[in-house]
Structure formats: structure tokens, C-alpha cells
Amino acid sequence: METNQYLIDLYDHYDEDGRLASKHGSVEFLTTMRYIEQYSKAGDRVLEIGAATGRYSHALARQGYAVDAVELVAHNIDIFKRNTKPGETITVTQGNAMELSAFPDGRYDITLLLGPLYHLYTKEDKRQALREAIRVTKPGGVIFAAHVISDGCLLDEGFKRRNIDVAGYIQNGLIDSQTFAARSEPKDLFELVRKEDIDELMSPFAVTRLHYVASDGCALLIREAIDEMEEDAFALYLKYHFATCERADLAGVSSHVLDIFRT
Ligand SMILES: C[S@@+](CC[C@H](N)C(=O)[O-])C[C@H]1O[C@@H](n2cnc3c(N)ncnc32)[C@H](O)[C@@H]1O
């Protein structure tokens, strides 16, 4: 199995630990935690695949869950270990989402796959990661899978911030000139999809979708406005976001989505 050196270089230098700590970044974190809390119960075992520095793993371990985490990049694991507090029932192992043979079948009530799918570039690799996540989850357990949505990124990182050169991407064949669908390679770091790609990806699996959630909604697009909000305004924004984050007509402009399904 090849390791993507571009990915290791990215996370060796990126402040992944800080990503969800800003007010606008917390929208994704709070939304994901809200859905995890809906499906978890005391005594559950949790596996986080692609745990990075452990924001979710540590938050769940501090709520009393027994958490095992898998992460590809050694630098992230060092920070994960530094972030571990006494009293947490938690392990972290270096490994690849596509090969989880260190973990037995049907062990986990809740499995988080929040990261690997948007760093894998072929349908087969993504399906292998999904197969492994499903294998280690108990029958009837719940899996949370995150994807990065191309239109949300194009609007925010492309047309708004110009970190993505939309015209250049079209010229290089990374964005289709007619449909604006994206195509990525490992050096592009993020694999951007639309809902129809996720539906197609999931089609061979005998699982039941529980929720399809715009986990950060428009939070990245309007990040400056969110970061300036006083607590009352932010609480109202969160209330709006939670009320609308499953609306099909809004999910396409989210930067991240959460596909939540039962095995
Ligand atoms: C953007 S971070 C997300 C971290 C965390 N799960 C969260 O949602 O905040 C993606 C993480 O997935 C890890 N990752 C990517 N591909 C992976 C793979 N094939 N196996 C395990 N981890 C992987 C990356 O190293 C990175 O730490």
C-alpha cells in the first residue's frame, strides 16, 4: 500500500489541531458531536479512523467512552499523545484506513471515518476504507463518514478567496468546464465530490443511511461574519444551522458533509 507523501508533508506543517477551534471551525465540530451524541450510549466503544490530533477522540474519551484511534501521520500522533489527559480510556495506533487488520470484526458501536475518504483518490480505495470501517463496526452500529464537497470549496476557496484558481483548474482538467465537477490527484491533497458521487460510492454496501448532513453548512463561506458574532448571535446562527443542516437544497454548498449510516 502506497503512502501519499503529499499528505504527510501537508499534516507535518498544517495546524490541524487549531482547525476546529475557531468560532467558524467549531460549527463542524459541534454538529458532528451533536449527531454522535444522538447515537451513542454509556459503555460504547468508539473507533476514530484518521483521528489526526484527536479532537473528537479526546472529547469522546473525556465523556467516558472507550476510544481507539488510528492515524496515518506520525506528526499528528505525537500531538494526539500530548493532548491525552489522565483518566481517558484511549489508544492511538499508526495505520491506514484501508488496512485495519489490527482491529477485530464487529468490535465498535460507533466508528468515525472523518478524513480518510477525502484523502483517497480512487473509488476502489475509498470502498476499501469503507469496507474496513463496516467490518470493525458491530452489526447495528453507526458509522460517520465525512466528505469534502466540491461546490462548497469552489465557492469559498475559489470564487471568494481565490486560493483555488478556477480558470487554471479548468485549463488543467481538474474542473470540468461545463459541469464544474472536480477531479483530484494525490498532489491536490483533497478529493472533492458531489452528493451523486457519494451515493454511487455507497451503492454496493448493504447499510442504511440515517442522515446526510451539511456539517459546516455555509460556515466557511461566511467565516468572517461568524468569527465576529457575539455569543447571542452565534447561538442563534447555530440554532439556524442545526435546523437546516439536513436540507437537501442547502447541502451542496457545504464544504464538508457527514454521511451517517447504520451497518
Ligand atoms: C482533516 S483531518 C481530520 C481529522 C479528524 N478526524 C477531524 O475530523 O477533525 C484528516 C486526517 O485523516 C488522516 N488520514 C488521511 N488518509 C488516511 C488514511 N488512509 N488512513 C488513516 N488516516 C488517514 C490524515 O493524516 C489527517 O490526520
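Atoms within a ligand are numbered from 1 in the order they appear, just like the ligands themselves.
Assignment of Tyr118 to the shell around ligand 1 is supported, since a heavy atom sits closer than 4.0 Å. Within the structure, ligand 1 has Glu71 among the residues with a heavy atom less than 4.0 angstrom away. Ligand 1 is approached by Val73 to a heavy-atom distance shorter than 4.0 Å. Taking a 4.0 Å cut-off on heavy atoms, Asn76 registers as neighbouring ligand 1. Not a single heavy atom of Gly54 lies less than 4.0 angstrom from ligand 1.
Shown in contact with Glu48 at under 4.0 Å from a heavy atom are these atoms of ligand 1, numbered in order with element: 5 (C), 6 (N). If you number the atoms of ligand 1 from 1 as listed, the ones under 4.0 Å from a heavy atom of Ala97 come out as 18 (C), 19 (N), 20 (N), 21 (C). The ligand atoms of ligand 1 that sit less than 4.0 angstrom from a heavy atom of Ala52 are 4 (C), 27 (O). If you number the atoms of ligand 1 from 1 as listed, the ones under 4.0 Å from a heavy atom of Gly95 come out as 20 (N), 21 (C). Under a 4.0 Å criterion applied to the non-hydrogen atoms of Leu114, ligand 1 contributes the atoms 3 (C), 4 (C), 5 (C), 6 (N), 7 (C), 8 (O).
A salt bridge links Asp105 with Arg135; the closest basic N to acidic carboxylate O contact falls under 4.0 Å. The residues Glu224 and Arg161 are annotated as salt-bridged, a charged nitrogen and a carboxylate oxygen being separated by less than 4.0 angstrom. Salt bridge absent: Arg55 and Glu48 never bring a charged side-chain N and a carboxylate O closer than 4.0 Å. Using a 4.0 Å cut-off between charged nitrogen and carboxylate oxygen, Asp227 and Lys23 do not count as a salt-bridge pair.
Just one of Phe144, Phe29, Tyr65, Tyr35 meets the ring pair (Phe, Tyr, Trp, His ring centres under 6.0 Å) condition when paired with Tyr56; it is Phe29.
Considering both main-chain and side-chain atoms, Gly50 comes within under 3.5 Å of ligand 1 through a nitrogen or oxygen pair. Not one N or O of Leu120 is nearer than 3.5 Å to an N or O of ligand 1, by distance alone.
Residue-level proximity to ligand 1 for Tyr56 is carried by the side chain, the only part with a heavy atom below 4.0 angstrom. Looking at Phe144 against ligand 1, nothing comes within 4.0 Å, counting heavy atoms.
Between Arg34 atom CZ and Cys245 atom SG the span is 7.5 Å, to the nearest 0.5 Å.
Taking the ring centroids of His24 and Phe234, they lie at or beyond the 6.0 Å cut-off. Not less than 6.0 angstrom separates the ring centroid of Phe261 from the ring centroid of His211.
Between the side chains of His119 and Glu191, no donor N or O sits under 3.5 Å from an acceptor N or O.
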